[in-house]
Amino acid sequence: MYKLPPLPFDYADLEPYLDKETMEVHYTKHHQAYADKLNAALEKHPELWEKDLRELIYDADALPEDIRSMVVNNGGGYLNHIFYWQILGKPEAGKDDLREMEVGKRIMQSFDGIEEFKAAFREKAMSVFGSGWTWLAVQGGRLEIINTSNQNLLPKDCTPILVLDLWEHAYYLKFQNRRAEFIDAFWNVVKWQKVNDLFIAAK
Ligand code: MN3
């Protein structure tokens with residue numbers, strides 16, 4: 001059975017940037033629903049419980065056809081949200097000086113500056129059509145900003161270090177159609193220390 005790991009912060013901790021109500025619904029309803037539907041699908045083929053979920057999704061063609069899309073969509077949603085929660089934290093964390101961190105130094109090299117990076121990330125996130133995610137990932141030793149659709153995982157050769165959920169359920173209660181404002185608010189609650197740890201581990 002796939003269960004949700006505890007959220008690493010309280011629902012209200014990301015206020016005023018990401019609101020309590022959205023966080024609560026996002027975790028207890030949306031994320032939970034991915035876990036529930038994933039479990040329901042795997043129950044039909046119990047031999048799959050012992051397999052690594054990520055590998056099952058990457059090798060989706062080998063999944064039984066009756067549950068293939070359920071496992072890809074809900075397993076992806078289950079994993080992507082677990083990753084997302086761990087890079088979010090109280091607004092104090094967003095104030096950490098990125099320039100002092102290894103990941104910040106690499107961002108400045110790769111994108112000509114922190115603000116230039118944020119602008120590039122914003123432009124990429126604004127270009128997600130429908131539902132999806134925008135990631136910062138290490139791919140072939142380089143930092144790349146990458147979009148994925150729906151609940152697809154990043155390509156296998158990418159190691160994620162940061163992500164933003166761009167499904168409307170992630171921001172609509174507070175921001176409605178104002179996705180750009182949501183993207184700008186996000187930077188205030190990024191736990192850069194965690195992103196830096198992930199970057200160092202990925203190198
Ligand atoms: Mn979501």
Side-chain angles (χ1 to χ4, degrees), residues 1-42 53-54 56-58 60 69-91 93-94 118 121-137 145-155 158-192 194-195 198:
M1 280 275 284
Y2 287 94
K3 292 185 181 156
L4 298 195
L7 200 63
F9 45 83
D10 291 332
Y11 302 130
D13 279 354
L14 311 186
E15 292 268 6
Y17 301 104
L18 306 195
D19 62 295
K20 176 174 184 276
E21 190 183 7
T22 297
M23 280 313 309
E24 186 162 2
V25 172
H26 202 167
Y27 177 73
T28 64
K29 302 288 191 279
H30 293 279
H31 196 185
Q32 186 65 53
Y34 293 120
D36 292 347
K37 289 177 187 167
L38 170 65
N39 288 327
L42 292 176
L53 177 58
R54 202 169 287 278
L56 285 180
I57 296 170
Y58 281 128
S69 64
M70 289 288 283
V71 171
V72 169
N73 293 332
N74 295 290
Y78 173 77
L79 292 170
N80 287 339
H81 285 88
I82 291 173
F83 184 85
Y84 183 42
W85 306 140
Q86 65 168 342
I87 61 102
L88 297 176
K90 293 185 181 183
K118 288 181 179 175
F121 189 95
R122 185 187 211 253
E123 191 180 334
K124 192 82 175 175
M126 289 302 289
S127 77
V128 170
F129 185 74
S131 297
W133 300 74
T134 298
W135 306 79
L136 180 63
I145 302 171
I146 299 167
N147 285 346
T148 54
S149 296
N150 302 313
Q151 294 296 357
N152 292 339
L153 301 182
L154 268 179
C158 296
T159 305
I161 63 169
L162 175 140
V163 75
L164 179 58
D165 186 343
L166 291 156
W167 285 55
E168 283 189 343
H169 70 224
Y171 62 89
Y172 205 83
L173 286 176
K174 181 176 168 75
F175 295 95
Q176 292 85 44
N177 62 321
R178 303 185 306 277
R179 182 190 281 188
E181 279 181 35
F182 167 62
I183 299 165
D184 292 343
F186 164 65
W187 298 118
N188 294 287
V189 292
V190 170
K191 217 188 317 179
W192 284 113
K194 179 70 188 178
V195 176
L198 290 165

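Excluded from the calculations below are hydrogen atoms, water molecules and symmetry mates; all remaining heavy atoms, backbone and side chain alike, are included. Whatever order the structure lists them in is the order used to number ligands and atoms, beginning at 1. These numbers come from a predicted model, not from an experiment.
A donor-acceptor distance shorter than 3.5 angstrom exists from the side chain of Arg179 to the backbone of Ala125, with no hydrogens or angles considered. Although no hydrogens or angles enter the test, the distance criterion places no donor-acceptor pair under 3.5 Å between the side chain of Asp184 and the main chain of Glu181. Listed for the Asn74 side chain is no donor-acceptor partner under 3.5 Å among the backbone atoms of Asp36. The main-chain N or O of Asn150 is found under 3.5 Å from a side-chain atom of Trp133 such that the two form a donor-acceptor pair.
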Just distance, no hydrogens or angles: give the donor-acceptor pairs under 3.5 Å from side chains in residues 7-18, sequence neighbours left out.
| from | atom 1 | to | atom 2 | distance (Å) |
| --- | --- | --- | --- | --- |
| Asp13 | OD2 | Asp10 | N | 2.9 |
| Glu15 | OE2 | Lys20 | N | 2.8 |

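Only protein N, O or S atoms were considered, and those under 2.8 Å from the Mn ion (ligand 1) are His26 NE2, His81 NE2, Asp165 OD2, His169 NE2.
In this structure, His26 has its ring center under 6.0 Å from that of Trp85.
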